[in-house]
2 protein chains.
Amino acid sequence: MTATRSTRQRDVITRIMQAAQGPLAVADVHDRARSDLPGLGIATVYRTLKLLTDQGRIHPVTLDGETLYEASGQGHHHHFSCQDCGRVFTLHTCPVALPSGTVYPGGFIVRAHEVTLYGQCPDCAAQPG
Amino acid sequence: MTATRSTRQRDVITRIMQAAQGPLAVADVHDRARSDLPGLGIATVYRTLKLLTDQGRIHPVTLDGETLYEASGQGHHHHFSCQDCGRVFTLHTCPVALPSGTVYPGGFIVRAHEVTLYGQCPDCAAQPG
DNA sequence: TTAACTGCAAAAGATTTGCATCCCG
DNA sequence: CGGGATGCAAATCTTTTGCAGTTAA
């Protein structure tokens with residue numbers, strides 16, 4: 001069996017993912033990680049995000065064509081994408097009630113669902129103009 | 001002002017988009033169009049899809065990291081992605097009730113929403129095994 | 001006729017991979 | 001020590017762009 005090592009790079013990236021308030025792009029993770037590890041290569045970020053994904057510790061979210069990553073195990077939730085500032089927030093309330101196994105009109109058996117809301121975040125709504 | 005011509009390539013691609021039962025990937029459009037136009041270049045497909053998008057006749061949908069395109073003007077609808085066969089279907093009933101302007105918990109002002117359901121389509125559910 | 005359109009190939013951007021070196025255990 | 005991990009650069013893949021030939025109007 002293949003061993004998996006603990007390294008400074010992995011520790012830093014893992015901590016960043018756990019501390020994030022919403023999903024992050026690969027470039028965001030790279031930028032944040034370089035505060036601690038200036039020489040960190042982008043390839044290591046990709047490899048580590050893939051590793052964490054395979055381990056189920058994080059998972060990808062695709063939004064407007066961009067692939068973002070967020071920590072797993074935060075329970076059922078969805079996202080809000082601000083059309084003004086572009087940031088993505090995690091929503092803790094779910095606007096749909098579709099238990100796994102629900103049969104949708106047309107005979108579609110629902111196992112999971114994803115919802116993304118678009119609009120203006122509180123910060124942008126508070127901005128004048 | 002810049003004129004826009006009608007060409008055999010554009011006609012074929014436009015017809016394909018209008019006839020599609022759900023969103024299509026660029027490669028799908030290219031494959032289908034080559035039945036009529038064997039020499040069609042992929043660049044023309046990209047250019048035509050962008051043109052149609054700018055004209056508002058189609059629009060992109062991102063699913064599992066893939067960019068798909070579908071005809072516009074079909075009214076409010078969502079998608080169902082089959083976890084078995086990978087096809088994407090258009091749903092004509094909406095599982096959420098969020099009128100534009102709704103203020104979501106946390107102060108998020110909702111302008112639009114997108115829902116994707118995942119599970120098994122009727123065809124795959126009917127398969128033995 | 002002639003400016004827009006097309007196909008091809010080169011270019012650009014994002015992600016993956018080969019390899020020599022590094023370092024965790 | 002020894003094999004997994006890393007950084008760099010080369011390789012892939014997807015999408016865009018430059019160009020010379022083609023074609024709609």
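Just so it is clear, the structure is predicted and the values come from calculations on it, not from any experiment. Residue numbering restarts at 1 for every chain, and letters A, B, ... go by the order of the sequence lines.
Taking the six-membered ring for Trp and thresholds of 30 and 60 degrees, His76(A) and His113(A) have ring planes more than 60 degrees apart, a perpendicular arrangement.
The shortest heavy-atom contact between Leu63(A) and Leu68(A) is CB-CD1, 4.3 Å. Taking each heavy atom of Thr67(B) and Pro60(B) in turn, the nearest pair found is CG2-CB, 4.1 Å.
The closest side-chain donor-acceptor pair between His79(A) and Glu114(B), if any, does not fall under 3.5 angstrom.
Interface remark: the Arg47(A) side chain does form a donor-acceptor pair with the dG7(D) base, using a distance-only criterion of under 3.5 Å. In the interface, the side chain of Arg5(A) is not paired with the base of dG25(C) through any donor and acceptor atom under 3.5 Å apart.
Comparing the start and finish of the helix from dT1(C)-dA25(D) to dG25(C)-dC1(D), five pairs each, the helix axis swings through 30°, to the nearest 10 degrees.
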Distance-only donor-acceptor hits, side chain of residues 81-100 of chain A, under 3.5 Å, sequence neighbours excluded:
residue  : atom : partner   : partner atom : Å
Asp84(A) : OD2  : Gln120(A) : NE2          : 2.9
Arg87(A) : NH2  : Asp123(A) : OD2          : 2.9

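Residue Ile42(A) is classed as having no contact, given no heavy-atom separation below 4.0 Å to the nucleic acid. Using a 4.0 Å heavy-atom cutoff across all strands shown, Thr4(B) reaches sugar-phosphate atoms only and no base atom.
Under the 4.5 Å side-chain contact rule for hydrophobic residues, Val26(B) and Leu51(B) do not share a cluster.
Looking at residues 6-15 of chain B, you'll see Thr7(B), Gln9(B), Arg10(B) sit with a heavy atom under 4.0 Å from some atom of DNA chain C.
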